[in-house]
Amino acid sequence: MEFITKGTYYILGNGITFEDDEIEILPYLKVRKVKELSVFELAGLGAKGFSQWSLIEPFCYMKNNFEIISSENKSTFGYDILNRAWLLNTLLVLRKKTNINSIALLNQSWNDLKNVNDVKANLCDYHIKMLRIGALSELKVESVDIKWIKDYYENANTLAFENEKFRYSLEVINSWRYCVDVKSAIAILWAAIESIVDVSIEISYRLSLSIASLLSERGDERIKKFKDIKKLYGLRSKVIHGSNLKESEIEKSLVESFKLLSELVMYMIENNKMIKSSDFENAIFK
């Protein structure tokens, strides 16, 4: 798809709840509830050129539909209109709203399908099958989530535009949910973690020490974090190498791996910088 920089697009989504009918994240980025979709109106989109309309039909019978409204903003640095909506979706996943699913885009509101002309529509990052992990499936978007995204959205936008490693970490935060199984999800989560830390020898010890020093204060808190990460890395290795583990242990490994990658990504967003080897060294030795 071409790089979209003009106009307004409406991205249909499902899988979160929020109080107000509409939430403004930034002047050019909003989230709005979508009323019940009509199969007949969707079919009308098909008649006007949206050949994939039937894949959206299941959402006519679901609750919690919404649309992300993304508009042009000449002063924004980074992603185009559609990718800014993807970034908002991903930041909500980062806040543990892992059931969120961006389904399809349209050049007019999904709340008014009767009067759509000059249809521009397509499927988004939509997967029929997603991993559902109870410990990570928070549906309600709280005020603290909205405030965090408002405060740090542009940091994430700029970091993603400028840094391939950060983009990769965001893509993994979003895409682990579409893996064929939990083991595969754990593998890509750790690929992103190891990409950030970038150690090649004594990986378990050095990775655990580096992350614990960066994320935790000196003393008992850091020691516990170090031990927890080292244990988690060992569990990760057992999962990936096919050791005989209980399903509950494998799911716990996924949950903790996601949380660890999330901590690192949020650290970068909140500090508005990539993590460098010098950051780990300073955290350890200073």
Side-chain angles (χ1 to χ4, degrees), residues 8-37 56 58-71 73 76 78-79 81-106 109-111 124-127 130-157 159-160 169-178 185 189 254-256 258-270:
T8 298
Y9 276 83
Y10 301 78
I11 291 80
L12 178 67
N14 184 272
I16 56 173
T17 64
F18 46 92
E19 293 293 337
D20 298 330
D21 287 337
E22 182 175 297
I23 300 171
E24 181 179 287
I25 304 298
L26 293 165
Y28 56 85
L29 196 63
K30 299 175 182 178
V31 183
R32 178 191 296 159
K33 289 180 180 177
V34 169
K35 62 187 178 184
E36 185 176 348
L37 293 171
I56 301 175
F59 295 93
C60 294
Y61 316 106
M62 292 185 184
K63 298 179 180 178
N64 306 332
N65 290 329
F66 65 91
E67 60 186 5
I68 297 174
I69 306 164
S70 185
S71 304
N73 175 35
T76 294
Y79 279 150
I81 288 172
L82 297 180
N83 280 318
R84 289 206 298 269
W86 176 88
L87 178 58
L88 175 56
N89 183 101
T90 302
L91 293 180
L92 285 165
V93 176
L94 187 64
R95 303 291 297 185
K96 299 182 183 178
K97 321 303 175 188
T98 64
N99 286 336
I100 189 172
N101 197 359
S102 287
I103 303 155
L105 63 92
L106 186 64
S109 175
W110 293 90
N111 277 314
C124 291
D125 191 14
Y126 169 45
H127 293 69
M130 289 170 57
L131 293 175
R132 305 285 183 178
I133 308 297
L136 296 176
S137 299
E138 297 179 5
L139 295 179
K140 189 173 182 181
V141 179
E142 306 283 0
S143 58
V144 66
D145 300 312
I146 298 302
K147 184 180 187 308
W148 189 89
I149 293 174
K150 284 183 178 181
D151 289 345
Y152 294 113
Y153 181 90
E154 283 295 1
N155 285 8
N157 186 29
L159 285 168
S169 296
L170 280 185
E171 287 164 6
V172 170
I173 284 288
N174 188 58
S175 65
W176 67 266
R177 304 174 295 152
Y178 310 131
L189 286 166
L254 173 62
V255 171
E256 295 303 320
F258 172 79
K259 288 180 179 178
L260 184 58
L261 178 58
S262 296
E263 284 185 81
L264 289 168
V265 171
M266 286 194 286
Y267 178 93
M268 290 187 281
I269 292 172
E270 290 173 0

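Keep in mind that this is a model prediction, so the values were computed, not measured.
Residues satisfying the salt bridge (Lys or Arg N to Asp or Glu O under 4.0 Å) criterion with Glu263, sequence neighbours excluded, are Lys225. In this view, Arg177 satisfies the salt bridge (Lys or Arg N to Asp or Glu O under 4.0 Å) rule with no residue, not counting sequence neighbours. With sequence neighbours excluded, the residues forming a side-chain hydrogen bond (donor to acceptor under 3.5 Å, both in side chains) with Ser71 are Thr8, listed by chain and number. With sequence neighbours left out, the salt bridge (Lys or Arg N to Asp or Glu O under 4.0 Å) criterion links Lys96 to no other residue. Every residue meeting the side-chain hydrogen bond (donor to acceptor under 3.5 Å, both in side chains) condition with Asp151, not counting sequence neighbours, appears here in chain and number order: Lys147. Under the rule for a ring pair (Phe, Tyr, Trp, His ring centres under 6.0 Å), the partners of Tyr152 that lie at least two apart in sequence or sit in another chain are Trp148.
Between Tyr153 atom OH and Leu91 atom CG the span is 7.0 Å, to the nearest 0.5 Å. Rounding to the nearest 0.5 Å gives a distance of 10.5 Å between NZ of Lys259 and CG of Leu254. Rounded to the nearest 0.5 Å, atoms OG (Ser70) and CG (Leu29) are 5.5 Å apart. Taken from NZ in Lys150 to CG in Leu26, the straight-line distance is 8.5 Å, to the nearest 0.5 Å.
With hydrogens and angles left out, the side-chain atoms of Asn14 and Asn64 include no donor and acceptor closer than 3.5 Å.
Ring geometry for Trp176 against Phe258 counts as tilted: the plane angle lies between 30° and 60°, on a 0 to 90° scale.
Formation of a donor-acceptor pair under 3.5 Å by the Asn155 side chain with backbone atoms of Ile269 is found in this model.
Classification of Glu19 and Lys140 as a salt-bridged pair holds, one side-chain N sitting under 4.0 Å from a carboxylate O.
A side-chain contact (heavy atoms from CB on, under 4.5 Å) with Leu87 is found for exactly one of Leu82, Ile68, Asn157, namely Asn157.
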